[in-house]
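Just so we're clear, the structure is a prediction, and the values are computed from it rather than from any experiment.
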Amino acid sequence: MDILNGIIDHLNSELATIILRAAFAEFVWPNNLLFSILQASVMLPEACQSFLANWMIDICGGFIDQLYPNIRPSSEDYNKAISGLGVYIGALLTRRLLTTCWGFMKFTLDYLGANFIFVPILVTACLCVGVSWRYASPPLTREVNSLWDTLVTWLLIGATNLIYLGVLGLVSAWGYVKITASLISTLFLAMISPLGKLGRVPPLKEFSYSSAGEFNPNTQIRLLRIHRRIPFLQLSADIFSHSLDSPSSYHAISYVWRHGPQDMRTIVLNGNSFCVRGNVHDILVGCSSWFGPRYIWIDTICINQGSDNEKTCQVRKMSAIYAGAAHVLVCLGGTSSLAALSLVSELRFLERTYGRDFVIAHVEGFKQRRYDLWLRFRIESLVSLLQHQWFSRVWVVQEAVVASKVTIFYGGKPIDWMEFHEWRGVVCYGPILTTMAAIVAKSPSQMESVTSKLIGYLSMPFLVGYRVEHSAFGPQRLSHVLRLFGEKESTASHDKVFALVGLAAEKNIPAMQRLIDYSRPIDEILTDLAASMVKNGQALEVLDLAGLRQHGRIPTLPSWAVDWTATRAYMPLNSEFLSPELQCRATLNMPSLARHGKSKRELISRGQHFDRISHIAPVDDGWRRFTAAAVTEFPLYPDRALSLARQTVRDPYQFVGQGQPLDEAVWRTLIGDKTNSARPAPSSCGRTMETLFGLIRQLGELGIRDAPFTGVLLPEHVGMGRTETEREEIRRAEAEFQEMSVLFDSGKWSNPFMFCVTEKGYMGMVPHVSKPGDEICLIYGMKVPCVLREFEGTEPSGKLVDEEVLGERGHRGVEERIDGREARYSFVGDSYIHGIMDGEALGQGKECDFVMI
């Protein structure tokens with residue numbers, strides 16, 4: 001009724017015109033309904049043009065929108081066109097509806113006249129209904145009375161038309177009756193307009209979760225039953241409580257939240273009005289069916305977002321919710337799926353038929369097709385899909401890992417989970433992806449913003465791999481899960497922790513369950529999480545991700561506790577995901593001896609003092625963002641590091657083998673002496689750095705400041721005044737550079753490493769926040785050296801660690817240093833020191849307990 005009233009109000013001034021045109025069409029073609037409907041293009045040309053234009057634009061997958069942004073009709077004109085066409089078709093159907101009603105009434109009267117016994121039965125039934133109604137509840141009585149008054153009014157109008165039609169049928173010829181019936185049927189719709197204003201159905205009340213029945217968030221979940229979809233009517237659904245222990249078949253929805261007051265839609269929920277965001281409404285419409293109800297679980301509706309207590313209880317059961325779903329539907333939205341999928345199909349076909357080298361050459365040729373608008377649109381659509389926020393959300397990890405079946409929907413088209421992952425083999429191959437990203441970026445200065453948004457999809461192998469691992473071996477250690485997915489994003493800072501705790505093997509430990517509490521401050525939650533990891537012996541497994549180097553970390557956290565809510569703006573030097581031959585072993589197999597101190601804010605760990613930073617080659621602040629000025633400054637950093645080394649370090653560098661040329665030792669230090677496939681790095685890496693950094697310096701000298709160093713060079717830059725041999729060398733260097741990790745490259749990480757020299761003459765790469773005087777230490781259990789800074793301030797004492805958190809380790813006390821003085825340190829971050837990454841420094845320093853706060 002609300003939608004009908006809205007349509008009537010919107011079309012009130014033009015309703016008579018539309019009805020008269022429908023009456024004329026009915027007069028000319030009274031026995032051909034389909035032909036009368038098709039004549040809408042003649043009777044309502046503007047409405048048909050608007051409808052068909054919008055429909056054709058949608059069919060083209062948004063390509064026309066890309067070329068002509070202003071061609072799509074406004075939403076007001078489009079809605080007006082849809083309403084006008086609906087009234088036109090409704091007017092044509094009304095005459096046939098009235099004829100059917102008249103035949104049914106005649107049949108009923110004839111049947112009752114022949115079977116008089118049904119009359120008293122009908123009267124008795126009416127009396128029973130009346131008596132029952134007398135004792136019905138007042139709210140039900142009020143609602144039904146309102147509906148009854150509306151129906152009676154409309155039935156009286158319809159009956160009046162039927163009687164008038166019957167009279168005309170008795171006194172006039174049949175042809176005259178048909179014409180008059182058409183006119184009266186259209187006038188019937190015209191009478192609805194004043195009726196809608198005089199007898200409008202009251203607006204729906206706003207939905208309240210308290211009216212949805214009793215609900216225990218500790219043992220139950222809510223499910224949404226979407227009713228059968230009916231055209232031109234609001235989406236209607238019921239919400240009800242359901243026990244997780246009871247078998248059921250429902251679909252769980254995985255999607256991206258959108259925040260802000262814009263684009264709100266209304267649905268009917270348990271007979272009341274409920275507002276949802278536009279993307280949620282589109283998902284609900286897509287999940288509904290013309291043939292029957294559908295059962296789904298979607299967090300924005302099935303969890304009362306206004307209750308922290310309910311959110312806390314339901315988040316603790318999130319893993320069980322998605323594991324219990326028959327199907328998890330990943331809804332990515334999108335309107336240009338046809339363009340993106342066609343390009344993927346093309347590249348995969350070429351790879352299967354001709355091989356990857358042919359695909360690389362094929363994609364390289366895209367740069368020459370600058371005026372192919374359809375190709376450009378396909379590339380932009382595919383890159384836009386790969387940049388989708390869903391791949392960066394932290395909650396999708398749990399939603400996808402525990403699900404029994406996952407299907408991705410993009411632009412309404414289903415894509416199998418594993419098939420979508422297999423795209424990566426061709427779409428995300430280095431030269432192919434970087435070429436398409438460069439085309440989308442339009443200029444090299446925008447390359448960083450384009451590639452940074454692709455990290456979520458590039459990390460999808462971790463998600464797929466852990467899904468297999470979880471299915472085969474069950475949940476893994478919390479430190480493993482946090483290292484895998486700690487860089488994922490969330491809108492609420494609490495969710496960054498809660499989403500991953502539910503995936504770990506320790507998720508059912510009471511201490512972990514108590515962590516999930518939206519009413520607690522996030523710094524308390526992170527501190528308790530770190531304390532629990534100390535108890536479980538996992539603190540040092542993630543220590544290289546902590547430290548003062550964390551960008552935007554919460555200042556009240558202990559320096560050794562990882563702020564999982566902060567953006568991971570750097571790459572750890574060592575990772576458990578590297579192959580064994582690529583991993584560092586600075587402390588060899590020394591056992592981890594980490595425990596709490598006097599409070600849960602103190603971490604005591606055994607290790608050795610090794611050295612102290614004496615000189616640093618600083619990284620300019622302007623490098624944190626790739627600007628045009630960085631073109632000339634960035635490639636000069638290797639020269640700056642080499643100049644510092646020549647002033648402070650002996651040549652040859654004596655800490656590697658029988659000695660290493662200082663120039664070689666410097667470039668090996670700058671890249672951590674490894675590539676993605678080899679450690680130590682091949683000797684050709686030095687030539688690669690010299691070639692590419694020299695090229696970038698030349699570009700800067702020529703004034704080409706809009707092409708910063710990104711690892712992707714434009715063809716015109718490669719070929720400027722060079723021989724074919726030189727161009728081949730540049731291409732070789734560019735390909736090898738893709739395998740290298742330049743530790744001072746702020747284009748990849750906003751918190752890069754800096755070149756340093758220690759008091760003993762070692763060279764290394766340390767976090768950008770390091771200072772001369774900071775100590776280089778070896779902490780047992782860590783695979784790389786770390787930088788500590790002696791703490792001189794006042795640290796809050798913190799709450800004493802309770803028995804449950806500490807266990808037996810908390811009562812051992814703090815061991816003293818050999819010099820008898822207890823020192824406390826802030827953890828700065830991990831580091832690379834050239835010549836000690838395989839245990840060479842063990843035994844060269846003082847062994848002691850480090851107290852980190």
Side-chain angles (χ1 to χ4, degrees), residues 218-219 221 243-252 254 297 299 312-330 391 393-408 416-418 420-421 459-488 490 495-516 525 528-542 545 562 564 575-580 592 781 804-805 807:
N218 293 308
T219 60
I221 63 171
S243 175
L244 279 174
D245 298 330
S246 303
S248 61
S249 179
Y250 62 91
H251 292 175
S254 178
W297 185 93
D299 56 357
T312 297
C313 296
Q314 292 290 283
V315 165
R316 291 173 180 172
K317 298 185 176 301
M318 197 69 70
S319 178
I321 292 173
Y322 280 89
H327 201 165
V328 172
L329 308 180
V330 178
F391 302 108
R393 284 184 64 243
V394 68
W395 275 115
V396 307
V397 177
Q398 189 173 131
E399 296 165 0
V401 165
V402 302
S404 58
K405 183 179 180 182
V406 183
T407 300
I408 296 174
D416 181 72
W417 171 259
M418 290 307 300
F420 191 80
H421 169 61
S459 65
M460 193 172 175
F462 293 114
L463 183 59
V464 175
Y466 189 70
R467 173 176 162 84
V468 175
E469 187 178 15
H470 185 278
S471 175
F473 307 107
Q476 301 299 302
R477 291 162 60 88
L478 179 60
S479 61
H480 179 70
V481 176
L482 290 172
R483 288 194 73 97
L484 272 175
F485 307 112
E487 84 285 354
K488 296 290 186 180
S490 65
D495 290 339
K496 199 76 173 287
V497 177
F498 298 168
L500 299 180
V501 167
L503 270 180
E506 301 87 350
K507 62 182 178 180
N508 294 322
I509 297 176
M512 287 295 177
Q513 288 290 310
R514 289 196 297 270
L515 283 179
I516 303 178
I525 293 175
D528 286 349
L529 175 63
S532 298
M533 296 185 70
V534 173
K535 175 189 174 184
N536 297 327
Q538 303 179 42
L540 297 186
E541 296 177 13
V542 295
L545 302 179
V562 184
W564 299 106
S575 172
E576 63 178 305
F577 310 116
L578 294 175
S579 58
S592 170
E804 183 176 0
V805 173

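Shown here for A403 and R467, the closest heavy-atom pair between the two residues is O-NH1, 2.7 Å. The two atoms that bring V534 and A539 nearest to each other are CG2-CB, 3.5 Å, heavy atoms only. Across all non-hydrogen atoms, the minimal contact from S254 to V328 is CB-CG1, 4.2 Å. Closest heavy-atom contact between F462 and F485: O-CZ, 3.7 Å.
One N or O on the side chain of S532 and one on the backbone of D528 form a donor-acceptor pair closer than 3.5 Å. Formation of a donor-acceptor pair under 3.5 Å by the K496 side chain with backbone atoms of K488 is found in this model. Remark: the backbone N or O of A499 is paired with a side-chain donor or acceptor of Q398 at under 3.5 angstrom. Listed for the E506 side chain is no donor-acceptor partner under 3.5 Å among the backbone atoms of M512.
Annotation: side-chain contact (heavy atoms from CB on, under 4.5 Å) contacts of A530 (sequence neighbours excluded): W560, A561. With sequence neighbours excluded, the residues that form a side-chain contact (heavy atoms from CB on, under 4.5 Å) with T219 are N216. S579 is linked by a side-chain contact (heavy atoms from CB on, under 4.5 Å) to E581, L582, counting only residues two or more places apart in sequence or in another chain. The side-chain contact (heavy atoms from CB on, under 4.5 Å) search around H421 returns M418, M460, P461, V464, not counting sequence neighbours.
Residue L529 holds its CG atom at 8.0 Å from CH2 of W564, rounded to the nearest 0.5 Å. Between the OG1 atom of T312 and the CD1 atom of I516 there is a distance of 8.5 Å, given to the nearest 0.5 Å. With values rounded to the nearest 0.5 angstrom, W297 atom CH2 is found 13.0 Å from L329 atom CG. Here the CG-NZ distance, from D416 to K405, works out to 8.5 Å after rounding to the nearest 0.5 Å. Rounding to the nearest 0.5 angstrom, the gap separating the CG atom in L515 from the NZ atom in K507 is 15.0 Å.
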Subject >> Derivation of the side-chain contact (heavy atoms from CB on, under 4.5 Å) call for W417 and L463 >> reply: CA-CA 11 Å; W417 171 259; L463 183 59; 3.6 Å; yes

Original post:
For S490 and R393, what are the C-alpha separation, side-chain angles and deciding distance, and is it a side-chain contact (heavy atoms from CB on, under 4.5 Å)?
Top reply: CA-CA 6 Å; S490 65; R393 284 184 64 243; over 6 Å; no

**OP:** Before giving the answer on side-chain contact (heavy atoms from CB on, under 4.5 Å), spell out for V330 and V406 the whole-Å C-alpha distance, their side-chain angles and the decisive distance to 0.1 Å.
**Re:** CA-CA 7 Å; V330 178; V406 183; 3.7 Å; yes

Original post:
Between L478 and V542, does a side-chain contact (heavy atoms from CB on, under 4.5 Å) hold up when you go through it step by step?
Top reply: CA-CA 10 Å; L478 179 60; V542 295; over 6 Å; no

**OP:** Quick one: do F473 and Y466 satisfy ring pair (Phe, Tyr, Trp, His ring centres under 6.0 Å)? Show the steps, please.
**Re:** CA-CA 10 Å; F473 307 107; Y466 189 70; over 10 Å; no

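Residues R316 and Q513 form a side-chain contact, since some pair of their non-hydrogen atoms from C-beta on lies under 4.5 Å apart. Contact annotation: the side chain of L500 never approaches that of W395 to less than 4.5 Å [non-hydrogen atoms, C-beta and beyond]. In this structure the side chain of V562 never reaches within 4.5 angstrom of the side chain of L482, judged on heavy atoms.
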What donor-acceptor contacts under 3.5 angstrom involve side-chain atoms of residues 317-327, with partners at least two apart or in another chain?
from: K317; atom 1: NZ; to: N218; atom 2: O; distance (Å): 2.8
from: Y322; atom 1: OH; to: I253; atom 2: O; distance (Å): 2.9
from: Y322; atom 1: OH; to: E399; atom 2: OE2; distance (Å): 3.4
from: H327; atom 1: NE2; to: T407; atom 2: OG1; distance (Å): 2.7

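The salt bridge (Lys or Arg N to Asp or Glu O under 4.0 Å) pairs that include a residue from residues 469-481 are R477-E541, where partners are two or more places apart or lie in different chains.
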